[in-house]
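What follows is a set of notes on a single structure, which appears directly below.
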Amino acid sequence: MASLLIHNAAQIATATGRYARGTDMHHVRLYARTSIYIQDGIIRAIGSPLELEQSFPPASQVIDATDCAVIPGLIDSHTHLVFAGSREKEFALRLSGATYQEIASQGGGILSTVSATRKASKDELKSIAARYLSLALAHGTTTMEVKTGYGLNEETELKLLDVIEELNAEQPITLVPTFLGAHAFPPDCTKSEYLDLLHRLLPRVATKAKFIDAFVEENYFNLEQTEVLCRKAKQFGLLPRLHVNQFSSSGGVALGLRLGAVSLDHLEKLSNEEIHLLAQSETVATLLPCVSLFLGYGYPPARTLIDSGAIVAIASNFNPGSAMNLNMQLVMFVACAQMSLSPNEALTAATLNAAYSLGLSDTLGSIEIGKHADLVILDTPTFEQAIYFFGINHSKTVIKNGVVVWTC
Ligand code: NIG
């Protein structure tokens, strides 16, 4: 039996349970000078170094974590990982005054990445995404939700799901696939033809994806199109998690809650009524701090959501148009510095609550006996220092299921 002892960590910091809502997000459990004993990928004990030495046989591998903080593996619950091409020219256009919507209406935006992605072979897409995954892993991400949505035709959307499935088997980060065929309407068929295609694809998609997503926004998918698609998708077992209220507040939150969405993501434009509805619900409010940073628009009302009692997660939204970042340590920093989360809340949002939004918090998202040993050993003695000392990769060692998968 493989065993791993993380010896004498200066600090272990973790949220606990299945999720934390509202002000409970601040209640992070802290242990000082503590060890973790892992057997067959599962956390078996958390205790003083002496206690664990006396209670367990010598571990097959020991990592000395003196002077290091240990946190749960980071869970990035909103990404658009698989795409070809790059959009730094749009970045420059935005810096000279063009808005995200103006660029999209002139043929840039999502459709420009669709065009590059359709031209790429499956192997090319895999190798591009594999490089991004290795960067995410190095920064402590051990689980990642991955959306399709840059194919927008049958062949490429299914190819993207195959890429996610193959990469899931070939590298350490657990990938959770979401079908986002409803990301934009493609230029080469009518809206009604495309909606028909999305409906027809659902039975096949449901064998590969866990969630259905749609970009609910003016010029993208309206409430009725989203509702009909999601209700049908649910019949095939695909649970909704939706892009809503990014640029406008047009009923996406109420629709998502009616549909029983597991997560509603973006939420930059929220009314007080919508904040109240989210706070009363079991639906996770997934906020994407680096989009506001990257696009230079307002941040979502994170503080009010948390103070009202919502279950808040944070994610990178890694994509070429609105957040070319997959470093979850930076996401936590921006959540604190710009959205007024406490470091404790940011940790809970990037681990336990993100796991809950993916239906994985029974086994992932916290450092607790019986959970999978997905851990990040930091090069700082406290996790707060790693958030505060921003712009640096503070991962020293990344552990997935009790196995060291990255070390600096
Ligand atoms: O979440 N808003 C929709 N999707 C992405 C942007 C995708 C793109 O610009 O390529 C987002 O911000």
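Please read all numbers here as calculations on a predicted model, not as lab measurements. Order of listing sets the numbers, starting from 1, for every ligand and every atom in it.
When each atom of ligand 1 is checked for a heavy atom of N317 under 4.0 Å away, the hits are 1 (O), 11 (C), 12 (O).
The proximity of H243 to ligand 1, defined as any non-hydrogen pair under 4.0 Å, is limited to the side chain.
Note: no N/O pair closer than 3.5 Å links T113 and ligand 1 by distance alone.
Rounding to the nearest 0.5 Å gives a distance of 3.5 Å between NZ of K400 and CG of D374. Here CG of N153 is found 9.0 Å from CG of L158. Values are rounded to the nearest 0.5 Å.
Ranking the protein heavy atoms by distance from atom 12 (O) of ligand 1 puts S322 OG, 2.6 Å first. Protein heavy atom in closest approach to atom 1 (O) of ligand 1: H266 NE2, 2.8 Å. Looking at atom 3 (C) of ligand 1, its nearest protein heavy atom turns out to be H183 NE2, 3.4 Å. Shortest contact from atom 2 (N) of ligand 1 to any protein heavy atom: Q246 OE1, 2.8 Å.
Screening R303, H27, H26 for a side chain to side chain donor-acceptor pair (under 3.5 Å) involving E345 leaves a single residue, R303. Tested against E165, the residues K208, K126, K122, K210 include a single salt bridge (charged side-chain N to carboxylate O under 4.0 Å, His left out) partner, K208.
The aromatic ring centres of F221 and F185 sit less than 6.0 Å apart. Separation of the Y100 and F247 ring centroids falls under the 6.0 Å cut-off.
Relative ring orientation between F294 and F91 is described as parallel, the plane-to-plane angle staying below 30° on a 0-90° scale split at 30° and 60°. Using the six-membered ring where Trp is involved, Y150 and F83 have ring planes that are perpendicular, over 60° apart on the 30 and 60° scheme.
Using a 4.0 Å cutoff on heavy atoms, Y100 counts as a contact of ligand 1. Within the 4.0 Å heavy-atom shell around ligand 1 one finds Y150. For the pair R87 and ligand 1, a heavy-atom separation below 4.0 Å is found. Not a single heavy atom of V291 lies less than 4.0 angstrom from ligand 1.
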